[in-house]
Amino acid sequence: MNAPPPGTGERDPGRQLELSEPEVARLRAAEGSARFLARTGAVGFGLLLLFLLDVGLRNPAALINAVNVQYPTIVASGILFVVAGIGAIALLWGYARNVTAFFVRGEDALARAFRRIRHFVILWTLVAALTALFEFIAVLQRL
Amino acid sequence: MSSNPFEPPRTMDLDGEAARAPGPLVVSSDALRELAIAAPWVRALARFTTLNAVLLAAGLIADLARSHGAAIAALGVLANGASLAMTTLLLLALRRYATASLRLREASAVAVGPIISAQASYLRLCGILAAIATGTFTVRLVVGIAKGDFLAWIYK
């Protein structure tokens with residue numbers, strides 16, 4: 001509907017925009033990648049949790065000892081990554097589902113999809129900030 | 001169409017490849033607003049990722065400078081080097097995403113295409129890295145369990 005005038009390449013930002021075929025293809029690719037990332041992450045975290053549960057049940061003292069020999073920042077960074085990773089999986093899955101719904105039902109779902117990806121970016125920004133802090137402390141400890 | 005008269009009515013499957021809605025696919029003003037307000041966060045994520053890459057490089061230098069055993073030092077260098085390479089790749093995709101988001105914020109709606117493209121590149125890269133990490137972990141787990149020596153010091 002509000003396609004750019006031929007030859008200008010600019011579109012009015014205050015109005016709705018019609019996606020071109022290459023943009024639709026890229027959105028489908030983003031949807032597929034988000035779904036794949038969410039599934040792979042779920043499998044990875046699932047295996048990790050099963051592994052930790054197995055070790056914790058068989059020999060909890062050794063697990064506690066293995067944690068104690070690490071720098072606290074490395075342990076904190078690992079716990080943060082797992083907790084945030086579970087949240088990220090849920091947000092990415094929501095993004096993929098809403099992009100699919102956009103292709104089926106229309107425009108409302110795309111705003112929800114972009115909200116999920118915004119929340120994912122906010123979550124990952126906080127993770128990156130805390131990881132940077134932990135890395136900085138770890139580098140100081142190593143020097 | 002199925003010939004089974006007892007087949008239940010089909011519902012929309014949101015987890016698989018879905019049929020396309022009739023008519024043009026339109027990005028609403030709400031969706032555009034979501035993309036625009038994400039811009040500062042994308043830029044912040046790119047900056048913190050840059051900081052992490054710098055700190056990983058510093059850690060790499062610290063590992064090289066330390067006088068531990070050659071095998072432990074090599075392992076540290078390998079782990080930090082791999083993390084640094086992955087972070088740099090993610091950073092390239094993120095910078096494209098941040099640049100396109102900021103262009104949209106500056107009322108250039110033509111940036112929607114590059115934002116979607118950058119999202120796709122970033123998510124694809126994250127997916128590849130997650131698959132490599134999960135695959136490596138799974139292979140190590142399976143081989144270690146099969147050989148009976150995986151983390152034997154923990155299972156004692």
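Naming convention: chains lettered A, B, ... in sequence-line order (proteins, then strands); numbering from 1 in each chain.
Contact detail for A:Phe36 and B:Gly127: the closest heavy-atom pair is CE2-O, 3.3 Å. Nearest heavy atom pair, residue A:Ala128 against residue B:Leu45, reads CB-CD1, 4.0 Å. Of all non-hydrogen atoms in A:Leu37 and B:Ala130, the two that sit nearest each other are CD1-CB, 3.6 Å. In plain terms, the two heavy atoms of B:Leu51 and A:Ala132 that are nearest each other are CD2-CB, 3.8 Å.
Side-chain contact between B:Ile116 and A:Leu19 is present, with at least one heavy-atom pair separated by less than 4.5 Å.
Separating the OH atom in B:Tyr97 from the CD1 atom in A:Ile117 is a distance of 5.5 Å, to the nearest 0.5 Å. Atom CD1 of B:Ile128 and atom OG of A:Ser33 lie 8.0 Å apart (nearest 0.5 Å). Rounded to the nearest 0.5 Å, atoms CG (B:Leu123) and CG (A:Leu92) are 6.0 Å apart. A distance of 11.0 Å separates CZ in A:Phe45 from CZ in B:Phe137, rounded to the nearest 0.5 Å. To the nearest 0.5 angstrom, A:Asp54 atom CG is 9.0 Å from B:Leu141 atom CG.
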Assess whether side chain to side chain contact (heavy atoms under 4.5 Å, CB included) is satisfied between A:Phe114 and B:Gln119, documenting all intermediate values. CA-CA 10 Å; A:Phe114 286 157; B:Gln119 276 181 1; 3.8 Å; yes
After noting the C-alpha distance and the side-chain angles of A:Thr125 and B:Val42, does the key distance pass the side chain to side chain contact (heavy atoms under 4.5 Å, CB included) rule? CA-CA 8 Å; A:Thr125 303; B:Val42 178; over 6 Å; no
Going through the checks in order, is the side chain to side chain contact (heavy atoms under 4.5 Å, CB included) test met by A:Glu23 and B:Ser117? CA-CA 7 Å; A:Glu23 286 166 351; B:Ser117 191; over 6 Å; no
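Under a hydrophobic-cluster definition in which Ile, Leu, Val, Met, Phe, Trp and Tyr are linked whenever side-chain heavy atoms come within less than 4.5 Å, directly or via other members, B:Leu84 and B:Ile132 are assigned to different clusters. Linking ILVMFWY side-chain heavy atoms closer than 4.5 Å, directly or via other members, places A:Leu123 and A:Val82 in a single hydrophobic cluster. Hydrophobic clustering keeps B:Leu92 apart from B:Leu129 (ILVMFWY residues linked when any side-chain heavy atoms are closer than 4.5 Å, directly or through intermediates). Both B:Tyr122 and A:Phe81 sit in one connected hydrophobic cluster of ILVMFWY residues. Membership requires side-chain heavy atoms under 4.5 Å apart, directly or through other members. A:Leu133 and B:Val54 are not part of a single hydrophobic cluster, where members link through side-chain heavy atoms under 4.5 Å apart.
No more than 12 heavy atoms of other residues, nucleotides or ligands sit less than 6.0 Å from atom CZ of A:Phe136.
Among B:Leu32, B:Leu25, B:Val26, the one residue that satisfies the side-chain contact (heavy atoms from CB on, under 4.5 Å) test with A:Leu17 is B:Leu32. If you run salt bridge (Lys or Arg N to Asp or Glu O under 4.0 Å) between B:Glu34 and each of A:Arg118, A:Arg116, A:Arg112, only A:Arg118 comes through.
Side-chain N or O atoms of B:Asp30 include none that pairs as donor or acceptor with a backbone N or O of A:Asp108 at under 3.5 Å.
Looking at B:Ile37, the atoms closer than 4.5 Å to chain A (heavy atoms on both sides) sit in the backbone and in the side chain alike.
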